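Small disclaimer: the values here were computed from a predicted structure and weren't measured. Just so it is clear, the values below take in all heavy atoms, side chains as well, and ignore hydrogens, waters and symmetry mates. We name chains A, B, ... by the order of the sequence lines, and we start the count at 1 in each one.
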Number of protein chains: 4
Amino acid sequence: MRARTFTESGRRAQIVTAAIEVIAEGGFAKASFSRIAKRAGLSSTGMISYHFAGKDDLLAACVAEIEQVMRAFMEPRIDAAEGHVGQLRAYIESNVAMVGEHPAEVRALIDLVKNAGSRSEAVNGRLTLFEQHFRTGQKAGAFRPFDTRAVALAFTAGLDAVVATAAAEQTGPAELARLGRELADLYVRAAAPETKGER
Amino acid sequence: MRARTFTESGRRAQIVTAAIEVIAEGGFAKASFSRIAKRAGLSSTGMISYHFAGKDDLLAACVAEIEQVMRAFMEPRIDAAEGHVGQLRAYIESNVAMVGEHPAEVRALIDLVKNAGSRSEAVNGRLTLFEQHFRTGQKAGAFRPFDTRAVALAFTAGLDAVVATAAAEQTGPAELARLGRELADLYVRAAAPETKGER
Amino acid sequence: MRARTFTESGRRAQIVTAAIEVIAEGGFAKASFSRIAKRAGLSSTGMISYHFAGKDDLLAACVAEIEQVMRAFMEPRIDAAEGHVGQLRAYIESNVAMVGEHPAEVRALIDLVKNAGSRSEAVNGRLTLFEQHFRTGQKAGAFRPFDTRAVALAFTAGLDAVVATAAAEQTGPAELARLGRELADLYVRAAAPETKGER
Amino acid sequence: MRARTFTESGRRAQIVTAAIEVIAEGGFAKASFSRIAKRAGLSSTGMISYHFAGKDDLLAACVAEIEQVMRAFMEPRIDAAEGHVGQLRAYIESNVAMVGEHPAEVRALIDLVKNAGSRSEAVNGRLTLFEQHFRTGQKAGAFRPFDTRAVALAFTAGLDAVVATAAAEQTGPAELARLGRELADLYVRAAAPETKGER
DNA sequence: TATGAATGAGTATTCATTCAT
DNA sequence: TATGAATGAATACTCATTCAT
């Protein structure tokens with residue numbers, strides 16, 4: 001059962017896209033099945049229930065879809081960067097830059113993260129990604145010793161907040177680039193080792 | 001007219017307390033009048049509407065109540081600190097420490113802040129407080145030059161995230177103190193001026 | 001989209017019928033969704049909201065339905081009459097006669113007209129119909145000169161009152177015919193030209 | 001019990017006045033106890049329930065109060081008129097003229113009459129007044145023979161409609177006088193005997 | 001008298017979900 | 001697959017009335 005191909009089957013993808021748009025525009029709270037169905041061009045909410053086990057399932061599919069888009073955008077940029085510090089910087093800057101390219105996805109994801117909370121794998125996934133990066137970076141001397149979990153939490157939440165505000169204000173690409181550098185500077189300094197680091 | 005005493009009159013206060021508890025436990029989304037009424041021991045939601053002009057009014061009363069509690073706890077600690085850096089540190093540490101004293105209030109406020117968004121005065125109030133502190137600190141040479149708005153956003157959101165997680169996990173006071181210092185260190189380093197950079 | 005057939009689709013028509021009955025029996029004020037749902041044999045008010053955009057929509061559908069019934073009954077009788085005076089008489093007599101055939105519709109419409117007031121197209125439609133009829137009749141010498149608006153108001157309201165009372169008292173067809181003639185006489189005399197008119 | 005003086009005791013009168021204003025402005029439907037209490041400067045609806053046995057009681061008191069005002073205005077004018085026709089004319093003209101003097105009372109009464117329906121004594125009182133006037137007038141040869149009840153219904157309802165529209169449109173006194181004459185003409189002609197009458 | 005509080009039923013509307021076709 | 005219909009609970013809010021003080 002449910003052996004779906006990697007890319008969502010037609011209708012499913014269509015519904016997910018509609019849901020993301022609805023969330024991006026009206027927020028998580030107003031993302032009802034009927035609104036999503038209307039946006040998807042469906043005449044009834046029944047089809048959503050048919051394709052998804054429930055609201056949580058649909059939301060999870062949205063998160064998965066958005067993450068894929070984000071990964072496609074951010075991963076090359078992060079991989080191109082060198083060193084732990086460089087990669088941290090690349091993550092932050094490319095994340096902020098995404099607002100210019102995929103504003104709906106970014107807005108929707110932040111809303112989903114806020115409301116899904118710690119139940120979501122996606123949220124925890126990003127957290128552990130940061131933590132692991134910090135731990136290996138600390139071993140390599142790129143970062144000073146600190147509570148990796150707390151800092152991962154603070155960094156991701158701060159990043160989300162800046163990104164959300166930028167998205168809400170329809171910031172232009174140049175300003176986004178500046179914001180990204182600003183935030184990257186902030187975090188790099190916060191994580192930098194006492195003396196001289198990898199950088 | 002309506003000159004209510006400083007501390008809320010009996011029932012109003014009782015309802016506000018119940019609302020805060022409900023929000024703290026189930027989140028903003030599940031904080032319906034019926035749940036709050038049940039928690040407050042009221043036989044109907046009508047009484048809430050009797051005491052408050054509407055949901056926004058009740059929520060505003062919750063925010064006001066929580067802020068009062070927070071101010072009572074944090075202000076003396078912040079005032080006792082010296083210098084821009086010291087006060088920033090005191091703000092962060094006392095905010096994290098509050099989780100041990102008033103966990104429900106803290107959790108509820110964070111949820112309210114997340115969902116009220118930029119409409120709320122309270123949220124913007126904290127933001128501008130941070131911004132002003134940063135600006136005067138920059139003039140005094142205590143902080144390096146940075147985008148005060150972006151950093152204020154990142155700091156407050158990060159602080160909230162750490163606090164929310166700590167609240168959810170019922171962290172003990174010793175661990176809270178450590179977390180506060182950790183986060184304060186992080187932010188102080190991030191905002192520290194170039195010179196003498198450990199960098 | 002939404003190209004409904006001329007006669008309402010099953011459930012919609014059923015709800016409209018129920019609403020008309022409820023209004024006819026308890027008046028506009030007591031025509032709540034729950035009463036209508038109960039009368040229509042529906043388990044919840046949700047179905048009404050499913051079929052109609054809101055209360056106004058349902059009420060408008062009721063008016064439309066009733067007007068259709070009235071037109072089907074009255075139009076042939078009016079068209080069969082000759083001259084401005086004859087048609088005025090036919091309008092009044094057929095309107096009163098309707099009470100015998102469709103008492104619920106008549107009672108409901110009068111209540112709707114009273115409460116919808118001047119907002120409704122239907123009300124104003126009848127008024128302007130009367131006014132235009134008066135104006136052309138005046139030019140043709142069938143009616144004396146008078147304030148067409150004021151007289152249209154007085155005539156329609158008086159007609160409604162007589163009809164409403166007749167409906168409430170479940171008057172028989174013979175008595176209705178007499179009432180119709182009586183009222184037609186009254187209005188024809190009131191509108192008749194000074195000397196000898198068309199009549 | 002309930003031996004009240006002729007003019008309402010202070011608070012009662014105050015509440016009645018407030019109720020009339022509220023009905024005149026927002027219509028019967030929006031005339032809730034809370035709105036009336038607010039308008040009357042009362043801090044709770046409890047006082048209304050204390051002074052009146054229920055909503056119907058309050059409404060009846062409003063009708064009584066308005067009728068007294070109307071009688072004070074109209075009766076002298078009617079008594080000054082001579083003959084059955086003259087008095088009919090005086091009734092109509094003074095009723096329309098009242099809109100200029102007591103718009104709130106007029107608007108409220110019409111709304112009350114519409115919604116109270118035939119239950120109210122006041123409504124039936126006016127009806128029987130008209131009927132009796134018609135009957136004696138018919139005997140005196142001032143009016144042609146007609147169904148006194150039906151005509152009384154039609155006349156009063158038509159009068160109300162014209163008055164209500166005039167009140168809603170804030171018609172000036174000159175136009176009101178013209179409207180009154182227009183309507184009086186209409187009704188006098190409608191009731192006039194075949195040949196030459198008293199007139 | 002007057003207040004403030006309380007009640008319980010009532011309002012329209014929205015929701016996710018189910019199901020027969 | 002897809003639709004349209006149906007359900008029943010939930011939403012915030014208003015209502016007239018009652019009652020202790």
So how far is it from A:Gln68 CD to A:Ile66 CD1, rounded to the nearest 0.5 Å? 11.5 Å

Please give, in whole Å, the distance from F:dA10 P to A:Lys55 NZ? 16 Å

Secondary structure of DNA chain E in dot-bracket form (Watson-Crick or G-U wobble, distances below 3.5 Å, | marking inter-strand pairs): .||||||||||||||||||||

Mind listing the side-chain donor-acceptor pairs of residues 102-111 of chain A below 3.5 Å, one per line with the distance, residues two or more places apart or on another chain?
| from | atom 1 | to | atom 2 | distance (Å) |
| --- | --- | --- | --- | --- |
| A:Asp111 | OD2 | A:Phe28 | N | 2.8 |

Classify B:Ser49 by what it touches in the nucleic acid, base, sugar-phosphate, or nothing, heavy-atom distance under 4.0 Å. base

When you list every nucleotide of DNA chain E with an atom under 4.0 Å from a heavy atom of chain B, which one comes first 5' to 3', and which comes last? E:dG4 to E:dG8

side-chain contact (heavy atoms from CB on, under 4.5 Å) filter on A:Thr45, not counting sequence neighbours, yields A:Phe33, A:Ser34, A:Ala37

Provide, to the nearest angstrom, the distance between the CG atom belonging to B:Asp57 and the P atom belonging to F:dA12. 14 Å

Qualifying salt bridge (charged side-chain N to carboxylate O under 4.0 Å, His left out) pairs with a residue from residues 13-25 of chain C, counting only residues at least two apart or across chains: C:Glu21-C:Arg39, C:Glu25-C:Arg39

Heavy atoms, side chains only, cut-off 4.5 Å: are A:Leu59 and A:Asn115 in contact? no

With sequence neighbours excluded, residues passing side-chain contact (heavy atoms from CB on, under 4.5 Å) with A:Ala60: none

What is the distance from atom CD1 of C:Ile36 to atom CD of C:Gln14, rounded to the nearest 0.5 Å? 12.5 Å

Inspect the surroundings of NZ in B:Lys38 and state if more than 12 heavy atoms from other residues, nucleotides or ligands are less than 6.0 Å away. no

Upstream residue (5' side of DNA chain E) when B:Gln14 and A:Lys30 are each assigned their closest nucleotide: B:Gln14

Check side-chain contact (heavy atoms from CB on, under 4.5 Å) between C:Met47 and all other residues, then give those that pass, not counting sequence neighbours. C:Leu42, C:Tyr50, C:His51

Please give me every residue in residues 36-48 of chain C whose heavy atoms get under 4.0 Å of an atom in DNA chain F, ordered by residue number. C:Ser43, C:Ser44, C:Met47

Judged by nearest nucleotide, the residue sitting upstream toward the 5' end of DNA chain F, C:Arg11 or B:Ser34, is C:Arg11

In Å and rounded to the nearest 0.5 Å, what is the CG to CD1 distance from C:Leu58 to C:Ile15? 7.5 Å

With A:Glu67 via side-chain contact (heavy atoms from CB on, under 4.5 Å) - residues at least two apart: A:Val63, A:Arg71, A:Ala122

